[in-house]
Each structure stands twice: as C-alpha cells, then as structure tokens.
Amino acid sequence: METISENVSFGGIQGVYSHQSDACQCEMTFAVYMPPQAKEGPVPVLWFLSGLTCTHENAMIKAGAQAWASEAGIALIFPDTSPRGEGVADDDAFDLGQGAGFYVDATQAPWLPHFNMWTYVTDELPKLIFRNFDLLEDLQGITGHSMGGHGALTLAMNLPDQYKSVSAFAPICHPSVSEWGRKQLTAYLGEDETNWAKHDAVKLMVDKGFPGHILIDQGAADTSIDLLNIEQMAAAIAARRQPATLRIHQGYDHGYFFVASFMEDHIAHHANILHSL
C-alpha cells in the first residue's frame, strides 16, 4: 500500500492510497477517513460506494461526509468504482467498462480478467485496510449513491454478517428490468438472468431482506428516477414488512448536492446502529 496524500480534516485524517490488486489485476486507488476518535482506539467503519463515472474522489470531496463522521466517531472508506488503466477493457459508453463496475464479478469476456469488484470490495480491500488501519472489523456499515446504492443494498443483503447497517442514496433498485442494469449485467454476467438475482436489490428484498433497519433517500426531481425503480423497492419493502425508512424529497435531483443534503442523516443512521452493537 502506498500513500498518495494525507490531509487533516475535521480533526481526523483524510488519506488517499493505492495498491496492486490481485482481484482486479491492476493498480487500484482508494480513500480512508480516520476520525479524531481513532487516535484513542479502533472505531467502526462505513463504506461509501460511488456511482457511474465516479472514482474514489467524488464522494470524498463532494458528499460532506467527513464533518459528520468526525462527530460520530466512525471511519469512512471510499473505494473506486472499477478497475482502470492500460490493458483494462473499456467501452465508449459512460455506463459500461471503466467507471461502471456495478459491484459484480464478471464472468464474460472481455471483462473477466479485471472486473471483479464484488471480490475486491467485500474481500481484498477490507483485508488490506484492516491490516493497515486500527478499525473495528466486526462493526462495518455500507452506503452508496446510484450504482453505489445498488452495490450497498445488494452487498448488505447478501452479506448481513459482514455489514451490520445499510443505507442508500437514489439506488438502482431493480437492475434486472432497467436500462441501468440489463445492459451491464448482460455484459458482465451473460444472458442467463438467474445469475443476476444476487445483484438485484428488489429481488433480494423479496427473497432475503435485511436483519436491520434500512434507510433510503430519493430525490423527486431526479431525471434518472425512472431508471431506478424506487416504486418497486417500496412495494417489496412493504410486502416483506422490512424495517425501513424510504424518503422521497421534493425538488432534489440525482447529484451530490442531494447526497450532501442528507449525509448527516445517513451517518447518524449508521453510527446509531454500529455504536449500539
């Protein structure tokens, strides 16, 4: 692991680091915010998964999360959204290839050698981080925005022993039926839709749910809202009687002004759960 930068932020340290990934077979960059409480001992962890076209940097800079994480005493981890670099497959479209890993392990060419973001986020990167930072491995939460909201919900419902809390901003809820989903799942996983089920939050809600309370925020003025299928997620939550708060906010769009507006609530949601365990 190499240090790219470290800056004091709200009494803690915002660092950016790189390493050679075995899962993605390329150099990967990620960011970690250690709150001031980490100087006294290990703290809980909140993962933030970003959306299409983003790197580790977007949420790190735009979400305003460090201020609230500093107050709450939880660390933040911002992974990249895909493998990158020379020799890594890509596509001319913004929603496939580099910047659009969709948090799956690809089984199809040309994506197979590098696009293993599920393994990277759930296994390889946590092992690296917990070796190098004094954090509470048993107290992890996960959140994300758009494609990252899809990732947060699907990872949490598949791995509830790993993620004790979950939330999402404007998540892609039902990729099996959405243009933001069918294209990517077909490309990465093939045409057999049975292989998509573990990556569809609506289907997972119907089949599994989550053992804790879920928080989801959505902007009513989001021009991408028809691609997100928030209504199907609400129906699945109601049918399962899943403990959840799903809020639709008048006037808010899909961008980081929306995310930053409700970041305090999401940090508090995770902190309340993680600190109570």
Side-chain angles (χ1 to χ4, degrees), residues 1 10-15 17 19 21-23 28 30-50 56 59-60 63 65-66 68-80 103 105 116-144 148-169 171 198-199 201 204-205 208-216 242-245 263-277:
M1 190 183 81
F10 296 97
I13 300 294
Q14 177 61 68
Y17 311 92
H19 73 115
S21 167
D22 292 331
M28 297 290 285
F30 63 94
V32 177
Y33 176 71
M34 295 293 283
Q37 294 86 344
K39 299 170 186 174
E40 306 300 325
V43 295
V45 178
L46 178 60
W47 295 78
F48 189 104
L49 306 185
S50 292
H56 69 281
M60 181 186 78
Q66 292 86 349
W68 309 118
S70 173
E71 287 192 12
I74 61 176
L76 303 169
I77 302 173
F78 304 96
D80 203 346
Y103 304 103
D105 282 351
N116 295 302
M117 290 301 293
W118 179 282
T119 295
Y120 179 70
V121 169
T122 66
D123 184 46
E124 183 181 25
L125 185 56
K127 287 177 179 176
L128 177 72
I129 285 173
F130 290 121
R131 283 198 306 268
N132 287 277
F133 297 89
D134 191 15
L135 299 168
L136 294 169
E137 186 173 356
D138 292 336
L139 295 179
Q140 298 182 61
I142 190 165
T143 188
H150 140 81
L153 292 172
T154 57
L155 268 61
M157 282 190 275
N158 278 291
L159 301 168
D161 290 338
Q162 183 164 341
Y163 304 106
K164 308 300 186 186
S165 58
V166 61
S167 70
F169 298 87
K198 69 180 284 189
H199 303 292
L204 287 167
M205 179 57 64
K208 295 175 180 285
F210 184 72
H213 190 277
I214 297 174
L215 172 62
I216 299 175
Q242 166 73 43
T245 301
M263 181 56 71
E264 179 184 8
D265 294 347
H266 284 249
I267 296 286
H269 167 79
H270 291 276
N272 288 338
I273 294 170
L274 296 174
H275 283 306
S276 70
L277 297 175

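Side chain of D134 to main chain of A38: no donor-acceptor pair is present (N/O by atom type, distance under 3.5 Å, no hydrogens or angles). S70 places no side-chain N or O within 3.5 Å of a backbone atom of Q66 that could act as its donor or acceptor partner. With hydrogens and angles ignored, the 3.5 Å screen pairs a side-chain donor or acceptor of Q242 with a backbone N or O of F210. Side-chain atoms of H213 do not come within 3.5 Å of backbone N or O of V166 as any donor-acceptor pair. For the pair Q140 (side chain) and V45 (backbone), a donor-acceptor distance under 3.5 Å is absent. Under a 3.5 Å cut-off, the side chain of T143 and the backbone N or O of S167 do form a donor-acceptor pair. Checked by atom type and distance alone, the side chain of D105 pairs as donor or acceptor with a backbone atom of T119 at under 3.5 Å. Between the side chain of H275 and the backbone N or O of A72, at least one donor-acceptor pair lies under 3.5 Å. A donor-acceptor distance shorter than 3.5 angstrom exists from the side chain of N116 to the backbone of A23, with no hydrogens or angles considered. At least one donor-acceptor pair under 3.5 Å links the side chain of S276 to the backbone N or O of I273.
Taking each heavy atom of G141 and H270 in turn, the nearest pair found is CA-ND1, 4.0 Å. Residues G151 and Y103 come closest through the heavy atom pair CA-CD1, 3.9 Å. Listed here is the closest heavy atom pair of A65 and I267: O-CD1, 4.3 Å.
For H150 and F169, the ring centers are positioned 6.0 Å apart or more. Residues F133 and Y17 place their aromatic rings such that the two centres sit under 6.0 Å apart.
Aromatic ring pairs are classed by plane angle as parallel below 30°, tilted from 30° to 60° and perpendicular above 60°; the pair W118 and H199 is perpendicular.
D138 CG: 12 or fewer foreign heavy atoms inside a 6.0 Å radius.
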*Could you walk me through whether S21 and E124 pass the side chain to side chain donor-acceptor pair (under 3.5 Å) test, one step at a time?*
CA-CA 8 Å; S21 167; E124 183 181 25; 2.6 Å; yes
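Screening L128, I129, N132 for a side-chain contact (heavy atoms from CB on, under 4.5 Å) with H19, the sole residue that qualifies is L128.
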